[in-house]
S.K.: 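Have a look at this one before I ask anything.
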Amino acid sequence: MLPTNDALGSITDNDAVTVKTSQRRLLRKSSSLYRFTHWAFLGPAMFFITVFIFVPAIYVIYLSLLHWNLLSSHPKFVGLANYKYLFHDSDFRTALSNSGIVSASMVLIALPLGLGLAMLADLGLRGTKLYRTILFGPYVIPLVASGLIWSLLFNGRHGLVDQVLSIFGIQGPNWLGSQPYALIAVIVVTIWQFTGYYMLIFLGGLQGVPVGLKEAAKVDGAGGWRVFTSVTLPSLSPSIFFAVVVCIIQSLQTFDQVYIMTNGGPDGSTTTLVYYIFRQGFGMYNIGPATAASVILLVILAVLTFIQLRVSQRWVVEA
Amino acid sequence: MTTVTPFKKFFGHAVLIVASLLVLLPVYWMAVSAVEPNADILSSTIHWIPTHFQPGNFSKALHAQPFGRFFLNSFVMSTMIVVLQVITSSLAAYALVFIPMKRKRSWFFSILLAMMVPMQATFIPVYLILSSVHLINTYLGLVLPFAGSAFGIFLLRQGFVSIPKDLVHAARIDGASEWKILRSIVLPNAKPMILTLILLNFVFHYNDLFWPLISTSTTNMRVVPVALSYFLSQEAGQTLQWNLLMAADLVTIIPVLALFLAGQRYMIKGIMGSAIKG
């Protein structure tokens, strides 16, 4: 599951790591005493994490250097040929750019929406809890289920979306069957699904904005917009950065909606990076290109996660 | 809380109500479609309230495929994952917080590293590993890849860190074993964090399509999201029974919605906390 990065910041606080020098010897002694115990406690988790995360992460790099059709031929070492193949594969470039478009749309639409809703939910209006529950609700619905609901809503001519549009005299397009509307439909579902989640992240951040500072700014004659840009936004910048990175990480993993709503079509126009990997690997058994694309995804996500961890760590120290 | 002007109040309610309606509308539409004849869904007039009430859609949809089996699979899989994760994560988090050891930082670092690797990038090797021990298309194949969780360790570590160390020291002096301390002092004190882990995890794995889609191949091993996706492809084309599809869809989301409404305090806090505490 996606790390919501709880507890990351507290690496240094409250830990045995921070024991004073005078206590070091004691620690060394007890440490050998606890040797067996700490293995017994860390062992099970580390075993599974090693077998199902670390080993596959290295294995996938190795596989990406092979020419291998899962079913028949023997693996043949081909070096970087698979990466070269990806570079020249227009489907891969489309997948990469689609993933970029989804990520950008989410950052530019879902995040500001989430921030706006969070600010309203932070006013302390009556019924805020109910609003919060409803708005977060879609996040817990399986994406498969959301994808199906929206397939019905986008269903050409009879779908609710088109019927509502026709009230305004607009003839809706064939949403799921034409470009670029299919990708727009996928993005709409993703926004519907995740905006509430980002709202919660911002709501958490807003609770850390010093109320006194806001009051002081108002006393000094700052208007609402000024308070927002000079006090709220800067205090919120760590959560905004966190949300941007998490949003990109989440968007790059887009698969379920596409699998349900469009199967990557029409004409590859909704094929995302993960969908591309899935199709290459389990549709065509081209293990080489599939794993090479996996490595690329792995590197992008690892870099983003690393940034997220670094930033959240720094921000705790400052807070 | 700062004072809220009447205008802000009005504006706030207005926007939040519109947003809530936009969120609820698709779910409402699903519910209406689930109890209508298919012809009404495909008609060109909007039926906000079903004119021909057809509750029989549910039993029809659920009998079209062995949905009972799919639900059972989903529950067994998600529960097994949650139980394993709570066990492995609480043991590891306990070691990281309370057991003195060398190289604690390297352990911590390796767990950070594990958080950077998403399933979508490693599923091919994971598949090959599990298939080499013949666990593909089995419960164990669905469950084992998630038995250890870096996220779970972090979440619980957060809860454990705030437990007074003296409590643990005192118990140790009284001769309690580490295992006993974990069970009788640490776990009861970290209840909210454990509940958060259980809820977020159960919902996540109940909802997951990707790995079950890849690692199962027979109908009797299907979980609910995979079954729904098959429902769509089998019924595709002219004869698509939207009403039955929506009935099945509605039944699918009821368990997670119920769990969410029951435990939303923990889920919402768990996610908001990620932004406050970082």
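On a predicted model such as this, the values are computed, not experimentally measured, just so you know. Naming: A, B, ... by sequence-line order, numbering from 1 per chain.
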S.K.: Which answer fits Asp162(A), side chain, backbone, both or neither, if we ask what part of it has an atom under 4.5 Å from a heavy atom of chain B?
M.R.: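 The answer is neither part of Asp162(A).
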
S.K.: Would you check if Val117(B) and Thr305(A) make a side-chain contact, meaning some heavy-atom pair closer than 4.5 Å?
M.R.: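 In short, these two side chains do not touch, never coming nearer than 4.5 Å.
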
S.K.: Taking all non-hydrogen atoms of both residues into account, name the closest pair between His13(B) and Arg126(A) and its distance.
M.R.: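 Residues His13(B) and Arg126(A), closest heavy atoms: CE1-O, 3.1 Å.
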
S.K.: Which of parallel (below 30°), tilted (30 to 60°) and perpendicular (above 60°) describes Trp107(B) and Trp39(A)?
M.R.: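 Because their plane-to-plane angle is over 60°, the rings of Trp107(B) and Trp39(A) count as perpendicular.
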
S.K.: Look at Leu298(A), Val140(A), Ile53(A) and state which one has the largest set of heavy-atom pairs under 4.5 Å with chain B.
M.R.: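 Most heavy-atom pairs within the cutoff with chain B belong to Val140(A).
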
S.K.: Please report whether the ring centroid of Phe282(A) lies less than 6.0 Å from that of Tyr127(B).
M.R.: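 That pair passes the under 6.0 Å test.
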
S.K.: Would you say the rings of Phe123(B) and Phe278(A) are close, in the sense that their centroids are separated by under 6.0 Å?
M.R.: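 They do not qualify: ring centres at least 6.0 Å apart.
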
S.K.: Between Leu16(B) and Thr128(A), is there a side-chain heavy-atom distance shorter than 4.5 Å?
M.R.: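 Heavy-atom side-chain distance check fails, nothing below 4.5 Å.
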
S.K.: Heavy-atom pairs under 4.5 Å with chain B: which of Thr133(A), Leu301(A), Leu206(A) has the most?
M.R.: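 Top count of heavy-atom pairs under 4.5 Å with chain B: Thr133(A).
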
S.K.: Quick one: CG on Leu153(A) to OG on Ser33(B), what's the gap to the nearest 0.5 Å?
M.R.: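 Those atoms lie 8.0 Å apart.
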
S.K.: Give me the one residue out of Asn243(B), Ile41(B), Leu245(B) that meets side-chain contact (heavy atoms from CB on, under 4.5 Å) with Leu152(A).
M.R.: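 Checked Asn243(B), Ile41(B), Leu245(B) against Leu152(A); only one passes side-chain contact (heavy atoms from CB on, under 4.5 Å): Ile41(B).
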
S.K.: Between Phe255(A) and chain B, which part of the residue has a heavy atom less than 4.5 Å away: side chain, backbone, both or neither?
M.R.: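 Side chain only.
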
S.K.: Heavy atoms only: give me the nearest Ile124(B)-Gly281(A) pair and the separation to one decimal.
M.R.: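 Closest approach of Ile124(B) to Gly281(A), heavy atoms only: CD1-CA, 4.3 Å.
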
S.K.: Would you say CZ of Phe54(A) has more than 12 non-hydrogen atoms from neighbouring residues, nucleotides or ligands within 6.0 angstrom?
M.R.: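 Yes - once you tally the heavy atoms of other residues, nucleotides and ligands closer than 6.0 Å, there are more than 12.
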
S.K.: For the residue pair Asn207(B) and Ile141(A), establish whether any side-chain heavy-atom pair is separated by less than 4.5 Å.
M.R.: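 A side-chain contact is absent here, since even the closest heavy-atom pair is not under 4.5 Å.
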
S.K.: Using a cut-off of under 4.5 Å for heavy-atom pairs, which of Gly12(B), Ala248(B), Ser20(B) has the most such pairs with chain A?
M.R.: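 Highest number of pairs under 4.5 Å: Ser20(B).
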
S.K.: Is it the side chain or the backbone of Leu144(B) that comes within 4.5 Å of chain A heavy atoms, both, or neither?
M.R.: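 Interface part for Leu144(B): both.
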
S.K.: What part of Phe98(B) is in contact with chain A, defined as an atom under 4.5 angstrom from a non-hydrogen atom: side chain, backbone, both or neither?
M.R.: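 The answer is neither part of Phe98(B).
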
S.K.: Less than 4.5 Å apart, any side-chain heavy atom of Asn155(A) and any of Leu240(B)?
M.R.: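 Side chain of Asn155(A) against side chain of Leu240(B), heavy atoms only: no contact under 4.5 Å found.
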
S.K.: Can you tell if the side chain of Glu178(B) reaches within under 4.5 Å of the side chain of His38(A), non-hydrogen atoms only?
M.R.: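 Glu178(B) vs His38(A): side chains apart.
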
S.K.: With a 4.5 Å cut-off on side-chain heavy atoms, are Phe306(A) and Leu112(B) touching?
M.R.: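 Leu112(B) vs Phe306(A): side chains apart.
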
S.K.: With the side chain counted from C-beta on, respond yes when Phe260(B) and Phe136(A) share a heavy-atom pair under 4.5 Å apart, and no when they do not.
M.R.: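 Phe260(B) vs Phe136(A): side chains touch.
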
S.K.: Which bit of Met267(B) is near chain A, if near means a heavy-atom gap under 4.5 Å: side chain, backbone, both or neither?
M.R.: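 Answer is side chain: those atoms of Met267(B) sit under 4.5 Å from chain A.
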
S.K.: Is it the side chain or the backbone of Ile260(A) that comes within 4.5 Å of chain B heavy atoms, both, or neither?
M.R.: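 For Ile260(A), the contact with chain B is made by backbone and side chain together.
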
S.K.: Would you indicate whether the side-chain heavy atoms of Pro142(A) and Leu209(B) approach each other to under 4.5 Å?
M.R.: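 No, too far: nothing below the 4.5 Å cut-off.
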
S.K.: Find the one option among Phe47(A), Phe48(A), Phe52(A) whose heavy-atom pairs under 4.5 Å with chain B are most numerous.
M.R.: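 Heavy-atom pair counts peak at Phe52(A).
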
S.K.: Is it the backbone or the side chain of Val203(B) that comes under 4.5 Å from a heavy atom of chain A, or both, or neither?
M.R.: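 Just its side chain gets close to chain A.
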
S.K.: Counting only heavy atoms closer than 4.5 Å, note whether Met119(A) contacts chain B via side chain, backbone, both or neither.
M.R.: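 Answer is neither: Met119(A) stays 4.5 Å or more from chain B.
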
S.K.: Go through the atoms of Tyr131(A) and report whether side chain, backbone, both or neither lie under 4.5 Å from a heavy atom of chain B.
M.R.: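 Tyr131(A) touches chain B through backbone and side-chain heavy atoms alike.
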
S.K.: Which heavy atom in Ala302(A) sits nearest to a heavy atom in Met116(B), and how many Å separate them?
M.R.: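 That would be O-SD, 3.7 Å.
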
S.K.: So which residue, Ala121(A), Ser151(A), Ala243(A), ends up with the most heavy-atom pairs under 4.5 Å with chain B?
M.R.: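 It is Ser151(A).
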
S.K.: Taking atom CZ of Phe204(B) and atom OH of Tyr139(A), what is their separation to the nearest 0.5 Å?
M.R.: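 Output value for this atom pair is 7.5 Å.
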
